[in-house]
Asks: 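Below is one structure. I have some questions about it.
In this text, all values refer to a predicted model and were calculated from it rather than measured experimentally. For the single chain, residues carry numbers from 1 onward in sequence order.
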Amino acid sequence: MKDFLLHLAAVSAAQTLPRFRTQLSVDNKLAAEGQEAEASQFDPVTQADREAEKAIRKAIAERFAGDRILGEEFGVTNDGAANGWIIDPVDGTRAFISGVPLWGTLIGRHEGDCMVAGLMHQPFTGESYVATSQGAWLVRNGVETPLSTSDVTHLNRAKLLTTSPRIFSPDTQAPYDRLEAACRLPRYGCDCYAYALLAGGHIDLVAEAGLQTYDIAPLIPIIERAGGVVRTWDGGSAKDGGNVLAAANETLFEEAAKVLRG
C-alpha cells in the first residue's frame, strides 16, 4: 500500500507541480453562473485541482476497480462500496494560487469506517508523508524517515497551528482564542502541511473548524501512526470533518480539548 500511495503522489504531482507558480485561471466555486460573488465568498479551484483528481481517480480505478472514491472536485463514484478512497487533489488552493508551498495532495484509504492509510504529498518540497498499518514515514529523495510526534504534554510549552483565524465562526472563535492564549506559540497559514508537521514532531497542536471529510480523513492515519491524536473538539471521530483538534499525544489533547470546551 505504501508503494501505491507513493505512486499516486507521483501521478498527482505530474498535474500540480508544472502548474504551480504559473498564471493559472482561477474559478470561484461560490460564484453563481454569470455572476460575481462578494469578496468574502471565495472558494478557488483551478485546472491543477481538477486534472490532479482525474489522474488520481484513473490510477485508483486501474488497480482497485469498484472501490468507492470521494473527491473534492468530482464527488462520489461507486457509492455503495464499503472500501474506498478520499481525495483532496490540492488542499490549500488559496496557498497554491498565491505561490506559497504549504498546500498538498491528500489521499486516504478507508476500509469500512476506518481510515487505514493516508498520504500528504508536497511536490514542490519533494515530501511525502505516508502511513499504512505498518507505520508512518516521511519519504524524501528516496529516504524514508519514521515519523514521531513530540513529547510536549502541557499547553504552556505547545506550538499551535491553524490555517487562518478567519476559519472560525462566532461560536468557535472564543474557544479557539482561549486555546491560543494558553499555548506558547501560535502560527497561521499551513493548511494540511500543519498536520504533517505535527506528525513529524515539529509542532504540538492543530485546531481548526468547519473541515470537510477530504480535508482531514487522509491525515488521520499519518497522525495516529506517528503517535498523535486527532478527533473533533468534543472527542468524536474526525473522519467526517467538523471542528478538529490534533495533538501530539493523549495528554496534550485532553488539556487542549478541556480549554476548547470551556
Asks: Looking at every heavy atom in both W233 and A257, which two are closest together, and how far apart are they?
Replies: O-CB, 4.1 Å
Asks: Using a 4.5 Å cut-off on heavy atoms from C-beta on, say whether the side chain of I107 contacts that of W85.
Replies: yes
Asks: Salt bridge between D79 and R68, side-chain N to carboxylate O under 4.0 Å?
Replies: yes
Asks: Do R109 and D67 meet the salt-bridge criterion of a basic N to acidic O distance under 4.0 Å?
Replies: yes
Asks: How about L245 and F253: do any of their side-chain heavy atoms sit closer than 4.5 Å?
Replies: yes
Asks: Following the transitive rule for hydrophobic clusters with a side-chain heavy-atom cut-off under 4.5 Å over Ile, Leu, Val, Met, Phe, Trp and Tyr, establish whether L197 and Y188 coincide in one cluster.
Replies: no
Asks: Do T93 and W103 come close enough that some side-chain heavy atom pair is under 4.5 Å?
Replies: no
Asks: Given the rule in the salt bridge (charged side-chain N to carboxylate O under 4.0 Å, His left out) test, do E254 and K258 qualify, once you have shown the distances and angles that lead to the verdict?
Replies: CA-CA 6 Å; E254 291 300 332; K258 184 177 180 180; over 6 Å; no
Asks: For T105, run the side chain to side chain contact (heavy atoms under 4.5 Å, CB included) check against V11, I87, I56, L8 and tell me which one passes.
Replies: I56
Asks: Checking N78 side chain against A81 main chain: does a donor-acceptor pair fall under 3.5 Å?
Replies: no
Asks: In plain terms, say whether D49 and R19 are close enough for a salt bridge, that is, a side-chain N and a carboxylate O under 4.0 Å apart.
Replies: no
Asks: Any chance CG of N156 has more than 12 other-residue heavy atoms, nucleotides or ligands included, within less than 6.0 Å?
Replies: yes
Asks: Using a 6.0 Å cut-off, check whether atom NE2 of H7 has over 12 heavy atoms from anything other than its own residue.
Replies: yes
Asks: If I compare all heavy atoms of S133 with all of R225, which pair ends up nearest, and what's the gap?
Replies: CA-NE, 3.7 Å
Asks: Should F74 and R50 count as side-chain neighbours, where that means a heavy-atom distance under 4.5 Å?
Replies: yes
Asks: Would you verify whether the NZ or CZ of R21 falls within 45 degrees of the ring axis of F124 while also being under 6.0 Å from that six-membered ring's centre?
Replies: yes
Asks: Consider only side-chain heavy atoms of I, L, V, M, F, W and Y, link residues closer than 4.5 Å, and tell whether L260 and I167 are in one cluster.
Replies: yes
Asks: So which heavy atom on N83 is nearest to which on G112, and how close?
Replies: OD1-N, 3.2 Å
Asks: Atom CG of N243 and atom CZ of R231: how far apart are they, to the nearest 0.5 Å?
Replies: 15.5 Å
Asks: Identify which one of V152, V259, L155 satisfies the side chain to side chain contact (heavy atoms under 4.5 Å, CB included) criterion when paired with C183.
Replies: L155
Asks: Could you check if a side-chain atom of I222 sits within less than 4.5 angstrom of a side-chain atom of M120, using non-hydrogen atoms only?
Replies: yes
Asks: Would you name the heavy atoms of I220 and A238 that are closest together and state the gap between them?
Replies: CD1-C, 3.9 Å
Asks: Can a donor-acceptor pair be found, under 3.5 Å and without considering hydrogens, that links the side chain of H121 to the backbone of E127?
Replies: yes
Asks: Between atom OG1 of T132 and atom CG of D3, what is the distance when rounded to the nearest 0.5 Å?
Replies: 10.0 Å
Asks: Is the shortest side-chain N to carboxylate O distance from R57 to E53 below 4.0 Å?
Replies: yes
Asks: F20 vs F96 aromatic rings, parallel, tilted or perpendicular, using cut-offs 30° and 60°?
Replies: tilted
Asks: P123 versus T16: any side-chain heavy-atom pair under 4.5 Å?
Replies: yes
Asks: What is the distance from atom OH of Y214 to atom CD1 of I86, rounded to the nearest 0.5 Å?
Replies: 11.0 Å
Asks: Say you draw a straight line from CG of L24 to OG1 of T46; how long is it, rounded to the nearest 0.5 Å?
Replies: 5.0 Å
Asks: Give me the one residue out of R178, Q173, E180 that meets side chain to side chain donor-acceptor pair (under 3.5 Å) with Y176.
Replies: E180
Asks: Could you go through D234 and T232, starting from their C-alpha distance and side-chain angles, then the distance that decides it, and tell me whether this counts as side chain to side chain donor-acceptor pair (under 3.5 Å)?
Replies: CA-CA 5 Å; D234 60 7; T232 58; 2.5 Å; yes
Asks: Between the side chain of D240 and the main-chain N/O of T213, is any donor-acceptor distance below 3.5 Å?
Replies: no
Asks: Mind checking the CG-CG spacing from D191 to D88? Nearest 0.5 Å is all I need.
Replies: 9.5 Å
Asks: Using the side-chain contact (heavy atoms from CB on, under 4.5 Å) rule, take H202 and L198 through it: C-alpha gap first, then chi angles, then the decisive distance, then the call.
Replies: CA-CA 6 Å; H202 305 292; L198 186 143; over 6 Å; no
Asks: Tell me, with the steps shown, if S150 and D204 meet side chain to side chain donor-acceptor pair (under 3.5 Å).
Replies: CA-CA 6 Å; S150 80; D204 314 298; 2.6 Å; yes
Asks: Ignoring hydrogens and angles, tell me if any N or O in the side chain of S98 forms a donor-acceptor pair with the backbone of R94 under 3.5 Å.
Replies: yes
Asks: Side-chain contact, heavy-atom cut-off 4.5 Å: K2 with Q134?
Replies: no
Asks: If you measure from the Lys or Arg side-chain nitrogens to the Asp or Glu carboxylate oxygens, is any gap between E72 and K29 under 4.0 Å?
Replies: yes
Asks: May I ask whether I69 and M115 are part of the same hydrophobic cluster, defined by side-chain heavy atoms of I, L, V, M, F, W, Y residues being less than 4.5 angstrom apart, directly or through others?
Replies: no
Asks: Salt bridge or not between E73 and K54? Use side-chain N to carboxylate O under 4.0 Å.
Replies: no
Asks: Could you tell me which non-hydrogen atom of L205 sits nearest to which non-hydrogen atom of A247, and how far apart they are?
Replies: CD2-CB, 3.5 Å
Asks: Going by distance alone, is a donor N or O of one side chain under 3.5 Å from an acceptor N or O of the other, for S25 and Q47?
Replies: no
Asks: Taking S128 for the side chain and V130 for the main chain, is one N or O donor matched with an acceptor at less than 3.5 Å?
Replies: no
Asks: Check F168 against A209 and note the closest heavy-atom contact, atom names and distance.
Replies: CD2-CB, 3.7 Å
Asks: Taking the six-membered ring of F4 as reference, does the NZ or CZ atom of R63 fall below 6.0 Å from its centre and within a 45° cone about the axis?
Replies: yes
Asks: Would you give the length of the straight line joining atom CG of L219 to atom OH of Y193, rounded to the nearest 0.5 angstrom?
Replies: 13.0 Å
Asks: Consider only side-chain heavy atoms of I, L, V, M, F, W and Y, link residues closer than 4.5 Å, and tell whether Y195 and I203 are in one cluster.
Replies: yes
Asks: Using side-chain heavy atoms (C-beta onward) and a distance below 4.5 Å, is T153 in contact with N249?
Replies: yes
Asks: Any donor-acceptor pair under 3.5 Å linking the side chain of Q122 with the backbone of T125?
Replies: yes
Asks: Check whether T162 reaches the backbone of A207 with its side chain - one donor and one acceptor, N or O, closer than 3.5 Å.
Replies: yes
Asks: Decide whether V206 and L160 are clustered together by the hydrophobic rule: side chain heavy atoms of Ile, Leu, Val, Met, Phe, Trp, Tyr closer than 4.5 Å, transitively.
Replies: no
Asks: Before giving the answer on side-chain contact (heavy atoms from CB on, under 4.5 Å), spell out for D43 and N28 the whole-Å C-alpha distance, their side-chain angles and the decisive distance to 0.1 Å.
Replies: CA-CA 5 Å; D43 187 8; N28 184 2; 4.2 Å; yes
